[in-house]
Amino acid sequence: MRQNDKVIVVGGGIVGLCCALAVQRRGGSVLLIDPNRNPPPASYGNAGHIAIEQVEPLASLAMLRSVLRRLTIFGGPVSLPLGQIGKWLPFGFRLAAAARPERFAAGKAALGALLGEAMPAWRRLAASLEPSGLLMESGHAVVWHGERAAADGLRAWQGTDTGTARFHACSKEELAWLGRVMKTPPAGGIRFENTGQVADPASVLAALDDAFRQAGGERRIALVRAIEIAGNSAELVLADGERLGPRHLVIAAGVDSGALLKPLGLQAPLIAERGYHIQTAKHGWPADLPPIVFEERSLIVTRFRSGVRASGFVEFGQRDAPPDVRKWRRLEEHAAALGLPADGPWQHWVGSRPTLPDYLPAIGKVSQASNLFYAFGHQHLGLTMGPVTGELIAALIGGQDPQIALKPFDLMRFA
Ligand SMILES: Cc1cc2nc3c(=O)[nH]c(=O)nc-3n(C[C@H](O)[C@H](O)[C@H](O)COP(=O)(O)OP(=O)(O)OC[C@H]3O[C@@H](n4cnc5c(N)ncnc54)[C@H](O)[C@@H]3O)c2cc1C
């Protein structure tokens, strides 16, 4: 069926919802399509941190040098499951190429520009949503328990480009303040001043959905099976065989976006970087504490309206592989060893960060069709960059100049 007046957004995660709302509010008539999968996607299960400090792409020589000691077999967060070697080995080669100093520098400039706009875009969006208070600009902390780790960690952060994010080494008082939730107070820490968190990822998704519907947007529970080009236009085929021919089409299907674009001859070498979380509503975590990163354990703990969540792990592979239950156990062991004021029963969740080998998102327009746009590959930073991505896509669809240069995010870099 032709839907010439419609903008169709495929994917109802944070990126798709931000795009759908921004386009709808600029006068578009948007239909958002998502299958409502269970477990829900990364946009629901993330750590809630508005991480504007992470301007250095993870495709770096430093990351490659540290990967061996960061493997789970040595107690670290990174897994490269043997059964998934066909996924992560080619990804690893591309990552190594993207980590070359000149590409890393260009990637950092590009990510820095996007993250520089991320908090202003979040502020604009949050101010327009109900309920208020979804964005909390109360910073975050990184702590270490070992003296040596604290000294090395501080030095490493002092040598890291953190873009527009500012931090300082924690005073004794700040360490005691943070240490309230730990059996043993940390030996050292840093406090980021102008980063933030959301009140609850699920509440953010619900608020975006409400705002989208109130603005006149429509939503449909369905799976898109394929995209086809008819003439110069992209059309959709749903799983039940129905065809939709929209005026504009935005692919924001997270880690599944690559498979949708491949038949059109477009390379989007995404990998699922799976993360795990545990969450409990039974806790005594003080409301004034920002997210805390326990860097020696590669763990971030965030207090949400719905409970305290501990998130971690980076497992390279496939979105729908069976979960590794040992990782939930390990997160529970970390919580117990730290003495966090949180009791089970813990809820368990696993989901995929959609990651491209250079750790830059793909945001732009396809040249093969006059109406096809894309926004995916936001890796560890999709919650942070969702609102700015929505603004960029709305500008592109509206024929305006986007507020930052989109060339570095063009999919053709993988051609
Ligand atoms: C443990 C963990 C912690 C994280 N912490 C943070 C954090 O603190 N801060 C931060 O900024 N980011 C964080 N992230 C990353 C962030 O969650 C992701 O980058 C972000 O959620 C990606 O959003 P998305 O909308 O692109 O994809 P998703 O959330 O995966 O949503 C994609 C949607 O597309 C739908 N879809 C897929 N295929 C189709 C199809 N064929 N047809 C229709 N719909 C389809 C899916 O059902 C899904 O709803 C974290 C991720 C993890 C795993």
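Both counts, for ligands and for their atoms, begin at 1 and track the order of listing. Predicted, not measured: the structure shown is a model, and the values here were computed from it.
- Of the polar atoms of Gln379, at least one N or O is found under 3.5 Å from an N or O of ligand 1, judged by distance alone.
- In this structure, Glu332 does not pair ionically with Arg329, as no charged nitrogen and carboxylate oxygen lie closer than 4.0 Å.
- Between Ser352 and ligand 1, a contact under 3.5 Å exists for no N or O pair.
- Closest protein heavy atom to atom 31 (O) of ligand 1: Gly13 CA, 3.5 Å.
- Checked by atom type and distance alone, the side chain of Thr280 pairs as donor or acceptor with a backbone atom of Lys282 at under 3.5 Å.
- Interface of Gly351 with ligand 1, defined as ligand atoms under 4.0 Å from a residue heavy atom, comprises 53 (C).
- Scanning the protein heavy atoms around atom 13 (C) of ligand 1, the nearest turns out to be His380 O, 3.1 Å.
- Among protein heavy atoms, atom 39 (C) of ligand 1 sits closest to Ala253 CB, 3.9 Å.
- In this structure a side-chain-to-backbone donor-acceptor pair under 3.5 Å is present from Arg309 to Asn46.
- Ion pairing of Asp288 with Arg180 is present here, as a side-chain N (NZ or NE/NH1/NH2) and a carboxylate O approach within less than 4.0 Å.
- In this structure, atom 5 (N) of ligand 1 lies nearest to the protein heavy atom Ala47 N, 2.9 Å.
- Here atom 42 (N) of ligand 1 lies nearest to Val224 when heavy atoms of Val314, Val224, Ile50, Thr302 are compared.
- Less than 4.0 angstrom separates some heavy atom of His378 from each of these atoms of ligand 1: 19 (O).
- Counting atoms of ligand 1 from 1 in the listed order, those under 4.0 Å from a heavy atom of Thr384 are 9 (N), 10 (C), 11 (O).
- Each of the following atoms of ligand 1 lies closer than 4.0 Å to a heavy atom of Ile33: 43 (C), 44 (N).
- Here the heavy atom of the protein found nearest to atom 26 (O) of ligand 1 is Val15 CG2, 3.5 Å.
- For a threshold of 3.5 Å applied to N or O pairs, the pair formed by Asp34 and ligand 1 contains at least one separation below that value.
- Under the 4.5 Å side-chain criterion, counting only non-hydrogen atoms from C-beta, Glu117 is not in contact with Pro402.
- Scanning the protein for heavy atoms near atom 29 (O) of ligand 1, the closest one is Ser43 OG, 2.5 Å.
- With hydrogens and angles disregarded, a donor-acceptor distance shorter than 3.5 Å links the side chain of Lys365 to the backbone of Ser370.
- Arg413 approaches Leu356 most closely through the heavy-atom pair NH2-CD1, 3.8 Å.
- To the nearest 0.5 Å, the span separating CG on Leu135 from CE on Met119 amounts to 5.5 Å.
- The closest donor-acceptor contact from the side chain of Asn194 to the backbone of Arg166 lies under 3.5 Å.
- In this structure the side chain of Pro57 never reaches within 4.5 angstrom of the side chain of Gln379, judged on heavy atoms.
- By heavy-atom distance, the residue among Arg353, Met385, Arg319 lying nearest atom 53 (C) of ligand 1 is Arg353.
- The heavy atom nearest to atom 22 (C) of ligand 1, out of those in Ala375, Pro40, Ala272, Pro354, is found in Pro354.
- Nearest protein heavy-atom neighbour of atom 20 (C) of ligand 1: Gly382 CA, 3.7 Å.
- Under a 4.0 Å heavy-atom criterion, Ala51 is not in contact with ligand 1.
- A donor-acceptor pair under 3.5 Å is absent between the side-chain atoms of Arg94 and the main chain of Phe91, judged by distance alone.
- Using a 4.0 Å heavy-atom cutoff, Arg37 is listed among the residues neighbouring ligand 1.
- Every atom of ligand 1 is numbered from 1 in the order shown, and the set under 4.0 Å from a heavy atom of Leu223 is 40 (C), 41 (N), 42 (N).
- For atom 32 (C) of ligand 1, the nearest non-hydrogen atom from the set Ala310, Gly275, Gly254, Ala226 belongs to Gly254.
- Counting only heavy atoms of the protein, atom 30 (O) of ligand 1 lies nearest to Pro41 CB, 3.5 Å.
- The shortest N or O to N or O distance between Ile14 and ligand 1 is under 3.5 Å.
- The side-chain tip of Arg353 does not point at the ring of Tyr359 from less than 6.0 angstrom away and within 45° of straight on.
- Near Pro35, meaning under 4.0 Å from one of its heavy atoms, ligand 1 places the atoms 43 (C), 44 (N), 45 (C), 47 (O).
- Looking only at distances, no side-chain donor or acceptor of Thr384 sits under 3.5 Å from a matching main-chain atom of Ile52.
- Contacts between Leu383 and ligand 1 below 4.0 angstrom, taking non-hydrogen atoms only, involve backbone and side chain alike.
- Judged by distance alone, with hydrogens and angles left aside, the side-chain atoms of Asn371 form a donor-acceptor pair with the main-chain N or O of Pro246 at under 3.5 Å.
- The shortest non-hydrogen separation linking Ala165 to Phe192 is CB-CD2, 4.1 Å.
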